[in-house]
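Below you'll find the structure, written out as structure tokens, and then a few comments.
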Protein chains: 2
Amino acid sequence: MTERPAPGLRERKKARTRKLIQSEALRLFREQGFAATTMEQVAAAAEVATSTVFRYFPTKEDLVLMDHLPAFVDALTSAPAELGPVQAVRLALRATVAGQDPAERAEGLERERMMLTVPELWASSLDNVTGVVATMRGILAARAGREPDDPDVRNITGAVLGVLLAVWFDAVRRPEVDLATEADRALSQLEGLRLE
Amino acid sequence: MTERPAPGLRERKKARTRKLIQSEALRLFREQGFAATTMEQVAAAAEVATSTVFRYFPTKEDLVLMDHLPAFVDALTSAPAELGPVQAVRLALRATVAGQDPAERAEGLERERMMLTVPELWASSLDNVTGVVATMRGILAARAGREPDDPDVRNITGAVLGVLLAVWFDAVRRPEVDLATEADRALSQLEGLRLE
DNA sequence: ATGATTATGAGAGTAGACTCCGATTTGCTA
DNA sequence: TAGCAAATCGGAGTCTACTCTCATAATCAT
């Protein structure tokens, strides 16, 4: 949010160390699995003290977790009011993906693969998930002039996130599947669902 | 499956101990939370040795986990072939709920509440969930003469499970919501989705 | 250059899930 | 009732995420 671009040497070094630790961790997780990798190993691979790893990442899970959702939320909020819920989500998705740096996309996919695959990570993203659900309900409800806990809103949100998750699982497991177009196509099947 | 009803005193005692441990554990989890409860406390509450608790339940999570899905799977498999996927699921759901002992339902809901709420449990049910998804895809695909990894099958399954999960989350949090009727109503909104 | 601030290193320490094992009790069988 | 097998007990031991502390080194401001 308030990312000060003020680059003291100190800050730059910190950012570099942080990235180093994280990328070494991801490599180890990929190679030997999440549970089988200890924090000592991560520290050793990044050539820092174990306590330093914990200073940057309070929990092991934090080495993987992320938040690329805000962009999507923004896009959904600012979608034209005349669109139905499903259309709005499609538009927001397209906008989000388009605004992504393809370089970081690969690492993103790797992390997502782990999140959807490794139980511990699946667990610690629970809060994230319920948060996204709540947010999305709020937005879709507002767009249709309904309450956030309206059953119809809940159901549509559930259906939309259900298909998205299904596609996501597939895409993460098979590199030939393009998440964006596949998700768009999947959502198009739900266009019959309306509100209001 | 091969539940021998042969009741030696030994077996009866074992079953009783098992239930004792589990119900004491659930009580403690409800009262102080899952993470905040230690296995020692569970053992103490059930008045057995800690090692005995581990003999019955290899992991802490096993004290909560369960499998009431087989009934649903059976019902779905044997639904009339002329029904669409969503209708078939509705029917199977109704059948499953109808065949449940209302006495155990309460405890079931309690466990489900934890599973959907406590991260550690949410994690260890990952396998269960993916298993259910795969099974359901298989059945729906077979009913429509498609492949299990057909995109349409994946999408419909995703949507159906999405709404079900949404309703479930609600029902588990608010006792006044009746899971069965609410789920049926929610699914009725998806009837537009067809295959074949 | 110097003193203040901050990051890092190194290591000891804690907690709690889970394992192992020898001794004891308990139910089963003849 | 004697002997056998299974279950339990009690406790020592392991493993690893995570915490704390303090000394040292790097950066910053003046």
Side-chain angles (χ1 to χ4, degrees), chain A residues 4-26 28-29 31-65 114 118-127, chain B residues 4-22 24-26 28-29 31-65 114 118-126:
Chain A
R4 185 61 52 86
L9 169 59
R10 212 169 219 155
E11 301 305 318
R12 260 177 294 141
K13 221 171 179 178
K14 259 169 75 171
R16 192 151 47 89
T17 305
R18 183 189 176 80
K19 278 211 164 161
L20 210 195
I21 295 174
Q22 194 166 43
S23 70
E24 287 300 308
L26 288 177
L28 287 174
F29 292 164
E31 290 174 5
Q32 355 171 320
F34 180 81
T37 303
T38 84
M39 293 300 261
E40 274 78 12
Q41 290 173 7
V42 172
E47 295 181 305
V48 295
T50 306
S51 48
T52 301
V53 176
F54 279 105
R55 209 184 321 276
Y56 282 99
F57 303 93
T59 76
K60 193 178 179 184
E61 286 78 12
D62 286 327
L63 283 162
V64 183
L65 299 184
M114 288 192 192
V118 178
E120 292 93 321
L121 297 174
W122 181 245
S124 51
S125 43
L126 219 204
D127 282 350
Chain B
R4 184 62 51 86
L9 170 56
R10 214 173 211 147
E11 302 304 317
R12 261 177 294 142
K13 219 172 182 178
K14 259 169 75 170
R16 191 151 48 86
T17 304
R18 183 188 176 81
K19 277 211 164 162
L20 211 195
I21 294 176
Q22 194 166 43
E24 288 299 308
L26 288 177
L28 288 174
F29 292 163
E31 288 174 6
Q32 358 172 318
F34 180 81
T37 302
T38 81
M39 294 299 263
E40 274 78 11
Q41 289 173 9
V42 172
E47 296 182 304
V48 295
T50 306
S51 47
T52 301
V53 176
F54 279 104
R55 207 187 319 281
Y56 282 99
F57 303 93
T59 77
K60 194 179 178 183
E61 286 77 13
D62 287 328
L63 283 162
V64 183
L65 300 183
M114 289 192 192
V118 177
E120 291 93 322
L121 298 174
W122 182 243
S124 49
S125 42
L126 220 205

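Quick caveat, the model's predicted, so the values are computed rather than measured. Letters A, B, ... mirror the listed sequences (proteins, then strands); counts begin at 1. Any value given below was found using the heavy atoms of this structure, including those in side chains, with hydrogens, waters and symmetry copies removed.
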Evaluate A:Leu26 against A:Met114 for side-chain contact (heavy atoms from CB on, under 4.5 Å), listing each step before the verdict. CA-CA 9 Å; A:Leu26 288 177; A:Met114 288 192 192; 4.3 Å; yes

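- Taking atom CD of A:Glu40 as the reference point, atom C1' of C:dG11 lies 12 Å away to the nearest angstrom.
- The CE-P distance, from B:Met39 to D:dG10, rounds to 17 Å in whole Å.
- In this structure, the nucleotide among D:dT8, C:dG11, D:dG11 sitting nearest to the side chain of B:Ser51 is D:dG11.
- The side chain of A:Thr17 lies closest to C:dT8 when the candidates are C:dA17, C:dT8, D:dC9.
- B:Glu47 CD: 12 or fewer foreign heavy atoms inside a 6.0 Å radius.
- An OP1 or OP2 oxygen of D:dT8 is reached within less than 4.0 angstrom by a side-chain nitrogen or oxygen of B:Tyr56.
- Comparing B:Ala35 and B:Arg10 along DNA chain C, the residue whose closest nucleotide (by nearest heavy atom) sits nearer the 5' end is B:Ala35.
- Separating the CG atom of A:Leu121 from the C1' atom of D:dA17 is a distance of 14 Å, rounded to the nearest angstrom.
- If you check every strand for non-hydrogen atoms under 4.0 Å, B:Thr38 touches sugar and phosphate atoms only.
- In this structure, CD of B:Glu61 is placed 13 Å from C1' of C:dG16, rounded to the nearest angstrom.
- On a pure distance criterion of 3.5 Å, no polar donor-acceptor pair joins the side chain of A:Arg55 and the base of C:dT6.
- Among residues two or more places apart in sequence or in another chain, the side-chain hydrogen bond (donor to acceptor under 3.5 Å, both in side chains) test is passed with B:Thr38 by none.
- Contact annotation: A:Lys13 side-chain N/O to D:dT27 OP1/OP2 distance is under 4.0 Å.
- For A:Lys14, a side-chain nitrogen or oxygen approaches OP1 or OP2 of C:dA7 to under 4.0 Å.
- Atom CZ of A:Phe57 is separated from atom P of C:dT8 by 12 Å (rounded to the nearest Å).
- In this entry the distance linking CZ of B:Phe54 with P of C:dC20 reads 12 Å, nearest Å.
- Residue contacts for B:Gln41: at a heavy-atom cut-off of 4.0 Å it reaches no nucleic acid atom on any strand shown.
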Before you tell me yes or no, could you show the steps for A:Phe29 and A:Leu63 under side-chain contact (heavy atoms from CB on, under 4.5 Å), namely the whole-Å CA-CA distance, both residues' side-chain angles and the distance that decides it to 0.1 Å? CA-CA 10 Å; A:Phe29 292 164; A:Leu63 283 162; 4.0 Å; yes

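- Separating the CZ atom of A:Arg12 from the C1' atom of C:dT6 is a distance of 16 Å, rounded to the nearest angstrom.
- B:Glu11 has its CD atom 11 Å from the P atom of D:dT8, to the nearest Å.
- In this structure, B:Phe34 and B:Val64 have side chains that are in contact, with non-hydrogen atoms separated by less than 4.5 Å.
- Of the side-chain N and O atoms in B:Thr52, one or more sit less than 4.0 angstrom from OP1 or OP2 of D:dC9.
- Residue contacts for B:Glu120: at a heavy-atom cut-off of 4.0 Å it reaches no nucleic acid atom on any strand shown.
- Among the protein residues, A:Thr59 comes within range of the sugar-phosphate backbone only, with heavy atoms under 4.0 Å from sugar or phosphate atoms but none that close to a base.
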